[in-house]
**Student:** 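Dropping the structure in here first, questions after.
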Amino acid sequence: MSLQEVITYPNPILRKKSEVVEEVNDDLKQLVEDMTETMYASHGIGLAAIQIGVLKRVIVVNVGEGRVVLINPVIDEAEGETRMEEGCLCLPGVMVEVTRHENISVSGLNETGEAVTIHANGLLARALQHEIDHLEGTLIVDKVS
Ligand code: CO
């Protein structure tokens, strides 16, 4: 495993759209481990691959309920609305109030390449939506209303 540097705003890489992962191979598993180590070392609750400069659709999240890894995540269902202050490892010291869906259903692949569906609410749902936004080049500063 190796700790990676988190890219910070306004680095233009953060605005790029991440690419679909075609194969869950050893390199991808290494990426997931590097992301996990970097997230924990940064005291974050989520990280998208783009935040360490890798333009692949991979996210890791841990809101205190165990690690969730999603490759090529897609939000299938979303309902409700909740508003809360959010930070981002790419924007040190910045807090923005962001409206998110309260409940979501997300599908994708886990770190072993199996198809999974996660039903999430509360903080986990928020963190997943935040990280999935990164895959589209969207940051919390775009969410100011
Ligand atoms: Co972020």
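Computed from a predicted structure; not experimentally measured. First listed ligand is number 1; within each ligand, the first listed atom is number 1.
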**Student:** With sequence neighbours excluded, give me every side-chain hydrogen bond (donor to acceptor under 3.5 Å, both in side chains) pair touching residues 58-70.
**Tutor:**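 Residue pairs with at least one partner in residues 58-70: Glu33-Arg67, Thr36-Arg67, Tyr40-Asn62, Arg67-Glu111.
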
**Student:** Does anything in residues 85-112 form a ring pair (Phe, Tyr, Trp, His ring centres under 6.0 Å)? List the pairs, not counting sequence neighbours.
**Tutor:**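 Found none.
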
**Student:** Should Arg100 and Glu86 count as an ion pair when the cut-off is N to O under 4.0 Å?
**Tutor:**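 Salt bridge present between Arg100 and Glu86.
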
**Student:** I need the full list of salt bridge (charged side-chain N to carboxylate O under 4.0 Å, His left out) pairs touching residues 44-56, with sequence neighbours left out, sorted by first then second residue.
**Tutor:**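 As it turns out, there is no salt bridge (charged side-chain N to carboxylate O under 4.0 Å, His left out) pair with a partner in residues 44-56 once direct neighbours are skipped.
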
**Student:** Below 2.8 Å, which protein N, O or S atoms neighbour the Co ion (ligand 1), ignoring water?
**Tutor:**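 Near the Co ion (ligand 1), the protein supplies Cys88 SG, His130 NE2, His134 NE2.
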
**Student:** What I want to find out is whether Glu136 reaches Lys16 closely enough, with some N-O distance under 4.0 Å, to be called a salt bridge.
**Tutor:**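 Salt bridge between Glu136 and Lys16, a charged N being under 4.0 Å from a carboxylate O: no.
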
**Student:** Give me the one residue out of Ile45, Val61, Val58 that meets side chain to side chain contact (heavy atoms under 4.5 Å, CB included) with Glu131.
**Tutor:**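 The residue from Ile45, Val61, Val58 that satisfies side chain to side chain contact (heavy atoms under 4.5 Å, CB included) with Glu131 turns out to be Val61.
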
